[in-house]
Protein chains: 2
Amino acid sequence: MATRRDDILDVAKEIFAERGVKATTVRQIGARAGMVSGSLYHHFGSKLDMVDAILHALCDEILARYEEIAVSTDDAVERLRRFARYAFSLVADQRAALVVFYNEARYLVKDARFSYLNGFDRRIEGYWSDAIDAGVAQGRIRADIDTRLFYRVIRDTIAGAVDWYGPKDRPIEDVADTFIGILLYGILVHDGDRAVPQS
Amino acid sequence: MATRRDDILDVAKEIFAERGVKATTVRQIGARAGMVSGSLYHHFGSKLDMVDAILHALCDEILARYEEIAVSTDDAVERLRRFARYAFSLVADQRAALVVFYNEARYLVKDARFSYLNGFDRRIEGYWSDAIDAGVAQGRIRADIDTRLFYRVIRDTIAGAVDWYGPKDRPIEDVADTFIGILLYGILVHDGDRAVPQS
DNA sequence: GTCTATAAACTGATAGAC
DNA sequence: GTCTATCAGTTTATAGAC
């Protein structure tokens, strides 16, 4: 049962992603939703309330799924792979909402009502960091890896993918596997110990 | 000789990076530059002219340096390292301008006057792709690497770094070396062929 | 639940004095 | 080169009819 409210949110999500929240006018949202701007205010108190509804739903969904994956396997490397596959699947399935999140969160968090976005970021980083630490403890991942930088590579690559990934690209699961493959194995040719870090 | 015009651009750059171009008002720029908004129009024709001046200077500087690095060594892996070090150095030295570029280019290019940003992007990707291809030809880089995705990892990690890197972090050269180390060698422990890709 | 109409504030930009 | 003053357009949001 897609309510009218949900229809409006879907429309708003797309336009926010296209033009940015600040550059999107309530008139544009109304026009594409089939009503005048004033009518939107029967469903929402303000433009930012729409942004809030979009991002709250997104964060709740993502956190719930990360928790499921976190407890789904003890194999740390396999857990990294599952996180990556899920995160990239969102690039295809929740593109618009992710664009809004990645492009606008940095401005939105200045407003106290959006400070939960910081908490969301911290918890997601925690899931990845825990998997990396577990991989080190299991002797699979090099102990000298900079966990924070490694997480940044992952986060920022996924954030960037919402801008370049499209339907004509390979299936998103392939992209995820290729990506995690690069991070796990590196790009160098391995013969003997030629590919072992110098330092 | 820092002209008045340059002073204004430095101020505009910072505010554009803080709040986004659309959300920045000419009154804010004027206030921080020590003049009323109307006075800005003696130096610039419009707000977008300021954005253009900022991004044009940035692109010119970056392209010139990439070209120097491209011809500085034939060793493809070393060239990747030098590109990475330079790109990360910009995160520290040109933070504000880079934030504007990475956050706003996707909206700006809809305006024909900013279409040069697409050309800039293509040329930078070309420098990286050429180095990767050369590395494959030299037998140093695995031939099955997805060049485009590999470049995306690099580009998006650097784009993301402008948001998290700060003065209290390690020197930016260390970050660059650690980053390129992850991409070259991967994060897995190498013993025997345990770390060799399955596929 | 959607409309018309409009208030109230803000925005980029200009004209002309100094 | 900066100011005062202001225009013309746009924006979010509200009030009240239907």
Side-chain angles (χ1 to χ4, degrees), chain A residues 1-56 96 100 103-105 107-114, chain B residues 1-56 96-97 100 103-114:
Chain A
M1 53 156 202
T3 67
R4 203 72 247 266
R5 191 187 139 95
D6 292 333
D7 293 341
I8 296 170
L9 281 183
D10 281 343
V11 163
K13 211 184 293 185
E14 290 297 331
I15 312 184
F16 287 152
E18 267 173 46
R19 321 172 62 97
V21 169
K22 179 75 188 185
T24 299
T25 70
V26 292
R27 281 174 174 82
Q28 292 169 331
I29 298 172
R32 211 183 287 186
M35 63 181 70
V36 298
S37 61
S39 303
L40 295 170
Y41 290 85
H42 176 75
H43 303 275
F44 300 94
S46 71
K47 188 171 82 164
L48 275 188
D49 280 357
M50 299 186 210
V51 180
D52 191 33
I54 291 165
L55 293 182
H56 239 118
V100 177
N103 290 350
E104 313 280 350
Y107 307 122
L108 293 171
V109 290
K110 289 171 187 165
D111 184 339
R113 72 183 295 193
F114 286 104
Chain B
M1 54 157 201
T3 67
R4 202 72 246 268
R5 192 186 138 96
D6 292 333
D7 292 341
I8 295 170
L9 280 183
D10 282 342
V11 163
K13 210 183 295 184
E14 291 295 331
I15 311 185
F16 288 151
E18 267 172 46
R19 321 172 62 98
V21 169
K22 178 77 187 181
T24 299
T25 70
V26 291
R27 282 171 175 80
Q28 291 168 333
I29 298 171
R32 212 184 287 186
M35 62 182 67
V36 297
S37 61
S39 303
L40 295 170
Y41 289 85
H42 176 75
H43 303 275
F44 300 94
S46 70
K47 187 171 84 166
L48 276 188
D49 280 357
M50 298 186 210
V51 179
D52 192 34
I54 292 166
L55 294 182
H56 239 117
V100 177
N103 291 348
E104 313 280 348
R106 74 174 63 80
Y107 308 121
L108 293 172
V109 290
K110 290 171 187 164
D111 184 340
R113 72 182 295 192
F114 286 103

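Every chain is numbered from 1, with letters handed out A, B, ... down the list of sequences.
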>> Counting C-beta onward and ignoring hydrogens, is there a side-chain heavy-atom pair between Leu55(B) and Phe16(B) closer than 4.5 Å?
In response: no
> Would one find a side-chain N or O of Arg5(A) under 4.0 angstrom from OP1 or OP2 of dG1(C)?
Replying inline: no
> According to the salt bridge (charged side-chain N to carboxylate O under 4.0 Å, His left out) rule, which pairs have a member within residues 26-48 of chain A, sequence neighbours left out?
Replying inline: Glu18(A)-Arg32(A)
> Does the side chain of Asp49(B) reach to within under 4.5 Å of the side chain of Arg113(B), using non-hydrogen atoms?
Replying inline: yes
> Does any residue of residues 19-38 of chain B have a heavy atom under 4.0 Å from DNA chain C, and if so, which ones, in number order?
Replying inline: Thr24(B), Thr25(B), Val26(B), Arg27(B), Gly38(B)
>> Could you check whether any side-chain heavy atom of Val26(B) comes within less than 4.5 Å of a side-chain heavy atom of Tyr41(B), counting everything from C-beta outward?
In response: yes
> Given Asp6(B) and Lys13(B), is the salt bridge (Lys or Arg N to Asp or Glu O under 4.0 Å) satisfied, shown in steps?
Replying inline: CA-CA 10 Å; Asp6(B) 292 333; Lys13(B) 210 183 295 184; over 6 Å; no
> Counting N and O atoms only, with roles assigned by atom type, does the side chain of Gln28(B) sit under 3.5 Å from a partner on the main chain of Ile15(B), one being a donor and the other an acceptor?
Replying inline: no
> When you measure from every atom of DNA chain C, which of residues 39-55 of chain A have a heavy atom less than 4.0 Å away?
Replying inline: Ser39(A), His42(A), His43(A)
> Is the number of heavy atoms from other residues, nucleotides or ligands within 6.0 Å of CZ (Arg106(B)) greater than 12?
Replying inline: yes
> In whole angstrom, what separates Phe16(A)'s CZ from dT12(D)'s C1'?
Replying inline: 12 Å
> Do you know the tightest heavy-atom contact between Val109(B) and Phe114(B)?
Replying inline: CG1-O, 3.6 Å
